[in-house]
Amino acid sequence: MADTPQGCARVTGAVLGAPSPEEPVAQSADGTIKEEIMTARVGQKAPDFNAPAYYKGSFANVQLSDHFGKWLLLCFYPGDFTFV
Amino acid sequence: MGATLVTVSTDTQFVHLAWKDHEKELADVKYLMGADPTGEVSWLFGVYDENSGLALRGTFIISPDGTLFNSEVNFYNMGRNIDELMRKFKANLYLSRKANEGCPSKWKDEGDATLKPGPEMVGKVHEALNK
């Protein structure tokens, strides 16, 4: 995987397929704001995302959907230098 | 088993590098370590803790077609059990081939008894499990 240049402007990942904040938020007839961003639910498609990453000595990017095609294990943890 | 491992924390990729370089336990790490300093990705998976700005210990098993099959979230001070994780993983692999079967709580590996839900099993789960 090629090393990706690391900028300081955008240090975090982005939700893919979500509307950008500048776009007007869709509202239903009763005035409640529709939830456009889908959060993870068992039995449904996992939401896709793109984030900066570290991989085998280099900086890279991780996009979840790039890894579809094989079984995938996604683990979150509170912080580096902690246990699993 | 041919699965891909991706980890995510709210650290930056720079901290991931520092951790990898300093922790001997991670000497063989070859998986993608995602950086999520604003918590967007963690929020998307329901593991973001607004009070601390950290991600809880969430574990998600996703099938090759992108479907989420398992979700487990532990609080900060509770570690994950790799045996239980492997059990779930193997069960998912098995059930992806045998969709009409069910893996009961004591199922550990291929060859262990499974359940085949149907009219004849209604009210007979105990008997089916103890054949």
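A, B, ... follow the sequence lines: proteins, then strands. Residue 1 opens every chain. Basis for what follows: all heavy atoms, side chains included, without hydrogens, waters or symmetry-related copies.
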Interchain contact, [X] with chain A, by part (heavy-atom threshold 4.5 Å):
{"X": "B:Asn77", "answer": "backbone"}
{"X": "B:Leu85", "answer": "side chain"}
{"X": "B:Ser52", "answer": "neither"}
{"X": "B:Val15", "answer": "both"}

When clusters are formed by joining ILVMFWY residues with side-chain heavy atoms under 4.5 Å apart, either directly or through shared neighbours, do [X] and [Y] land in the same one?
{"X": "B:Leu5", "Y": "B:Met86", "result": "yes"}
{"X": "B:Phe75", "Y": "B:Val47", "result": "yes"}
{"X": "A:Tyr77", "Y": "B:Phe89", "result": "yes"}

Test applied, side-chain contact (heavy atoms from CB on, under 4.5 Å); reference residue, A:Phe76; option that passes from B:Val8, B:Val6, B:Asn74 | B:Val8
Least distance between heavy atoms, [X] atom then [Y] atom:
{"X": "A:Asp80", "Y": "B:Asp11", "value": "N-OD2, 2.6 Å"}
{"X": "A:Pro47", "Y": "B:Phe45", "value": "O-CZ, 3.6 Å"}
{"X": "A:Ala53", "Y": "B:Gly34", "value": "CB-CA, 4.0 Å"}
{"X": "B:Ala35", "Y": "A:Ala51", "value": "O-CB, 3.5 Å"}
{"X": "B:Gln13", "Y": "A:Tyr54", "value": "O-CB, 4.1 Å"}

Chain B contacts, top residue of A:Asp48, A:Leu73, A:Val42, A:Leu64 (heavy-atom pairs, under 4.5 Å) | A:Leu73
Quick one: pull up NE2 in B:His16 and OH in A:Tyr55 and give me the separation to the nearest 0.5 Å.
-> 14.5 Å
If you round to the nearest 0.5 Å, how far is CH2 of A:Trp71 from CG of B:Leu93?
-> 6.0 Å
Could you tell me whether the side chain of A:Cys75 reaches within less than 4.5 Å of the side chain of B:Tyr31, counting heavy atoms only?
-> no
If you count heavy-atom pairs under 4.5 Å with chain A, which of B:Leu54, B:Val73, B:Thr10, B:Asp49 comes out on top?
-> B:Leu54
Tell me the residues of residues 60-72 of chain B whose non-hydrogen atoms fall below 4.5 Å from those of chain A, in number order.
-> B:Phe60, B:Ile61, B:Ile62, B:Ser63, B:Pro64, B:Asp65, B:Gly66, B:Thr67, B:Leu68, B:Phe69, B:Asn70, B:Ser71
